[in-house]
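Note sheet for the following structure.
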Amino acid sequence: MDKATIADVLEKIATLLELKGENPFKIRAYVNAARSLETWGGNIADLANEETLEKIPGIGKAIAAKIKELVETGSLKFFDELKAEFPADILELFSLPGLGAKKIKALHEKLQVSNIAQLHEACVAGRVAELPGFGKTTQEKICRAIDERQKYAGTFQLGQIAGEAERLQDDLRSHPDALHVCIAGSYRRRKEIVRDLDFIVATSAPAEISALFIQHPLVESIIAQGPTKSSVRLRSGIQCDLRVVTSAEYPFALNYFTGSKEHNIEVRSRALKRGWTLNEYRLGETPSDPKQTKTPKKIPPVREEADLYRALDLDYIPPELRENCGEFEAAATGKLPRLLEAENLRGTFHCHTTASDGRNSLEEMAAAAQELGLQYLGIADHSRSSIQARGLDEARLRVQLAMIRKLNESFENFRLFAGVECDILRDGSLDFPDAVLAELDYVVASVHSAFTLSEAEMTKRVIRALQNPHVAMLAHPTGRLLLKRDRYAIDIPAVIEAAAETGTWIEINAAPKRLDLDWRWWPLAKEKGVKCVINPDAHGVERLQELWFGVGVARKGWLTRADVVNCLPLGKIQDALEEKRRANGVVE
DNA sequence: GCCGTTTTCGGCCCGACTGTTTTCAGTCG
């Protein structure tokens, strides 16, 4: 039983208690406990220890006992009894926008609706509109939501919507009345999955900005429209909200809507401790409380976000770190890292060409990398076992190697490195013999087959590959495809440990569908001394730009320039590439 | 149900929009 499963049970308990009409603060306690558990970095084995559990913020005696029961017995009596009070699939109704616990309760009690199919029937028959508190409009809205549910699954990879987001932002910025424009929310925090986009605009002409927004050519439909807030759906299907504020309100709105929710709660609570109240518009004095003995601190002027953090005795916290995963402690003690910037990258290593399944030639990839300002580019086409990707055999690999050596003679201040993305076979051996790997500048190892091994087998398989002195880096360590395919079972802390011991780099695969290794693991990897390499896994020249998404992941993982090897300049990267082989005595 | 540099009791973030009513409840972020 893992953290995510337990957190999911706690969430479901909260939802079911809501349906029962329980005390809202009790409900929130379960939600908070679930959130807290998700971000907690401790040992899974400790989940059966009540004392350790109670040290996790938001988890007290009652919930700790429930988690313990769940871990030890695999089930929870309280949860089972609660579930038995409602139809099995009632929770799916919560996925429809506009429906919350109160409405679902009414639908269930008055119309015996207990799933989406029955709700659809009731709407078509016109019975929903007759309920008190409901009406024709609500009924139509529910019908529409059910229809759109298939089309808009509701979640998007960051890379799927970045183009639309940036275009809309550019167009808002070019309006003469827009003083400041920013996309806040999970987009600004560079979460790998986003549900919506939140635009914040400072302006003295709110009506003009709102009009530009809802009439924008990217807008497919208008969801809501008011003087300060509008919501639309863009062509991609993503919901997009606009908030218009004054210049004075802007830093507060930007901060509030950037989140995360957990981060905001802590920001607000720090304001409260200083006798202030913080909302999305201003920092103000708490209305005088007769019991209040101390006079609150004077409120300093806040003109930008950094001023707000300074007022709360914190260093400026970059948006990517705002997940309430330790950023407050670090910001209060001057220990926030100076995060990696996109401009720090000097090259990258995992790219494909037409030799395997890429769409551009060696020359074209090299030219595109130089245009991006990179000093070097590593070519790593697939190895022979990746039949589906036209993987290279030894002969074709040697032809490519010769071409790269020749091309390098034509470059000034730029270099191609000759590598291979070598399959890690089922037993952990590599797809080429060491003698072949030794001819290359470097080797990227990755899993492309037998995804269904047990966690123990998969972990052993990958660790064996890391122990090969020619393997410089491990690519996409979990094999996940976001919103499409789950990661395979693998013990990531064990892999990190092995990477540290063998001096193997771990990749952040920057392709938006992967973003693997996930940002949540990087603080651990960094602590163990594992170096990161950010690779686009580009199968075409335009995909080199996706390095930008990888930088976002690295920043979310608290990584600095020193943690990411491809920040090294051309003069130093070759040494770094050879280090592992040297340490193992396979090169001079 | 959780929590405490005011507190072991009495708080718990709070504002905008929609739809249904006629002053507000429900939902959302």
Side-chain angles (χ1 to χ4, degrees), chain A residues 10 13-14 17-18 21-36 53-67 78 93-107 128-142 145 154 184-186 194-200 206 210 222-231 239-245 249 252-253 255-284 286 289-296:
Chain A
L10 295 175
I13 290 176
L17 290 177
E18 236 186 317
E22 260 282 6
N23 171 6
F25 297 110
K26 186 196 267 196
I27 293 160
R28 192 184 300 167
Y30 279 96
V31 175
N32 288 343
R35 292 277 147 71
S36 187
L53 280 169
E54 280 184 53
K55 287 196 188 115
I56 304 174
I59 295 179
K61 265 198 166 353
I63 294 184
K66 290 191 175 75
I67 294 176
F78 174 75
L93 294 174
F94 283 86
S95 67
L96 295 171
L99 283 189
K102 301 276 166 58
K103 286 214 169 92
I104 291 172
K105 194 167 182 229
L107 288 165
V128 171
E130 291 162 12
L131 285 181
F134 290 73
K136 227 178 151 94
T137 318
T138 304
Q139 179 170 281
E140 281 164 12
K141 240 177 98 177
I142 293 173
S186 50
V194 292
R195 289 184 166 275
D196 60 5
L197 292 168
D198 300 289
F199 281 80
I200 314 296
S210 299
I222 299 167
I223 298 167
Q225 190 186 350
T228 64
K229 182 189 167 180
S230 309
S231 292
Q239 181 173 330
C240 190
D241 298 336
L242 168 76
R243 303 271 175 164
V244 283
V245 295
E249 291 164 339
F252 301 103
N255 186 255
Y256 181 84
F257 289 109
T258 295
S260 65
K261 209 176 199 175
E262 293 73 28
H263 180 90
N264 286 356
I265 288 170
E266 180 60 25
V267 169
R268 269 195 195 185
S269 113
R270 290 185 75 97
L272 275 172
K273 278 181 192 150
R274 285 159 180 75
W276 307 329
T277 56
L278 175 66
N279 61 25
E280 55 264 58
Y281 302 112
R282 63 193 61 84
L283 188 58
T286 310
D289 178 348
K291 286 181 287 180
Q292 185 92 34
T293 47
K294 281 192 291 186
T295 49

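Worth knowing before you read on, the calculation uses all heavy atoms, side chains too, and leaves out hydrogens, waters and symmetry mates. Letters A, B, ... are given to chains in the order of the sequence lines, protein chains preceding strands, and every chain is numbered from 1. Just so you know, these numbers come straight off a predicted model, no measurement behind them.
Across all strands shown, dT8(B) forms no Watson-Crick or G-U wobble pair with both key distances under 3.5 Å.
dG1(B) atom C1' lies 12 Å from atom CD1 of I67(A), rounded to whole Å. Between F252(A) atom CZ and dG15(B) atom P the separation is 14 Å, expressed in whole Å. Between the CG atom of N264(A) and the C1' atom of dC28(B) there is a distance of 15 Å, rounded to whole Å. The distance between atom CG of L96(A) and atom P of dG26(B), rounded to the nearest whole Å, is 18 Å. Distance K61(A) NZ to dT8(B) P: 19 Å, rounded to the nearest Å. Between I142(A) atom CD1 and dT18(B) atom P the separation is 17 Å, expressed in whole Å. Distance Q225(A) CD to dG19(B) P: 12 Å, rounded to the nearest Å. Summarising the geometry, the separation between CD on E18(A) and P on dG26(B) is reported as 11 Å, rounded to the nearest angstrom.
Here dG19(B) is the nucleotide among dG1(B), dG26(B), dG19(B) with the atom lying nearest to any side-chain atom of T138(A). Checked against dG1(B), dG15(B), dG19(B), the side chain of E280(A) finds its nearest nucleotide in dG15(B). Checking dG26(B), dG1(B), dG29(B) against the side-chain heavy atoms of K103(A) singles out dG26(B) as nearest. With dT18(B), dG15(B), dG1(B) as the candidates, the nucleotide lying closest to the side chain of A224(A) is dT18(B). Between dG1(B), dT27(B), dC17(B), one nucleotide has an atom nearer to the side chain of K229(A) than all others, and that is dC17(B). Nearest nucleotide to the side chain of D196(A), out of dC17(B), dG29(B), dG1(B): dG29(B).
Straight-line distance between the P atoms of dT27(B) and dT20(B): roughly 13 Å, to the nearest whole Å. Taking atom C1' in both dT21(B) and dC17(B), one finds a spacing of 16 Å when rounded to whole Å. Only the P atoms considered, dT5(B) is 23 Å distant from dG1(B), to the nearest whole Å. Taking atom P on both dC9(B) and dC14(B), the two are 24 Å apart, rounded to the nearest angstrom. For the P atoms, the distance from dT7(B) to dC2(B) is 22 Å, rounded to whole Å. When the C1' atom is compared between dG15(B) and dG10(B), the two are found 24 Å apart, to the nearest whole Å. Between the C1' atoms of dT8(B) and dG4(B), the separation comes to 8 Å (whole Å).
Contacts of I59(A) with the nucleic acid, taken as non-hydrogen atoms under 4.0 Å apart, involve only primed sugar atoms and P, OP1 or OP2. Counting any heavy atom pair closer than 4.0 Å across all strands shown, K105(A) reaches no nucleic acid atom. As judged by a 4.0 angstrom heavy-atom cut-off over every strand, P57(A) is placed among residues touching the sugar-phosphate backbone only. T228(A) comes within 4.0 angstrom of sugar-phosphate atoms only, judged by non-hydrogen atoms across all strands, and of no base. Contact annotation for L99(A): backbone-only contact, meaning every heavy-atom pair under 4.0 Å involves sugar-phosphate atoms and none involves a base. Nucleic acid contact for A33(A): none, since no nucleic acid atom lies under 4.0 Å from a heavy atom of the residue.
Remark: Q139(A) engages no residue in a side chain to side chain donor-acceptor pair (under 3.5 Å) (not counting sequence neighbours). Residues satisfying the salt bridge (Lys or Arg N to Asp or Glu O under 4.0 Å) criterion with E22(A), sequence neighbours excluded, are K26(A). In this structure N255(A) satisfies the side chain to side chain donor-acceptor pair (under 3.5 Å) test together with E305(A), Y309(A), sequence neighbours excluded. In this structure K55(A) satisfies the side chain to side chain donor-acceptor pair (under 3.5 Å) test with no other residue, sequence neighbours excluded. Among residues two or more places apart in sequence or in another chain, the side chain to side chain donor-acceptor pair (under 3.5 Å) test is passed with E140(A) by none.
The main-chain N or O of V31(A) is never found under 3.5 Å from a side-chain atom of R35(A) such that the two would form a donor-acceptor pair. R243(A) places no side-chain N or O within 3.5 Å of a backbone atom of K229(A) that could act as its donor or acceptor partner.
Rounding to the nearest 0.5 angstrom, the gap separating the CD atom in E280(A) from the CD atom in E249(A) is 9.5 Å. Here the CZ atom belonging to R195(A) is positioned 9.5 Å from the OG atom belonging to S186(A), to the nearest 0.5 angstrom.
For the pair T137(A) and P97(A), both in contact range of DNA chain B, the more 5′-proximal nearest nucleotide belongs to T137(A). Ranked by how close their nearest DNA chain B nucleotide is to the 5' end, L278(A) and P132(A) are led by L278(A).
Residues E262(A) and N264(A) have side chains that never bring a donor and an acceptor to within less than 3.5 angstrom of each other.
Base orientation of dT7(B): syn, since the glycosidic angle falls within 90° of 0.
Side-chain to base pairing of D198(A) with dG29(B): no donor and acceptor N or O lie closer than 3.5 Å to each other.
Of the residues in residues 255-263 of chain A, Y256(A), K261(A) come within less than 4.0 Å of DNA chain B through at least one heavy atom, sorted by number.
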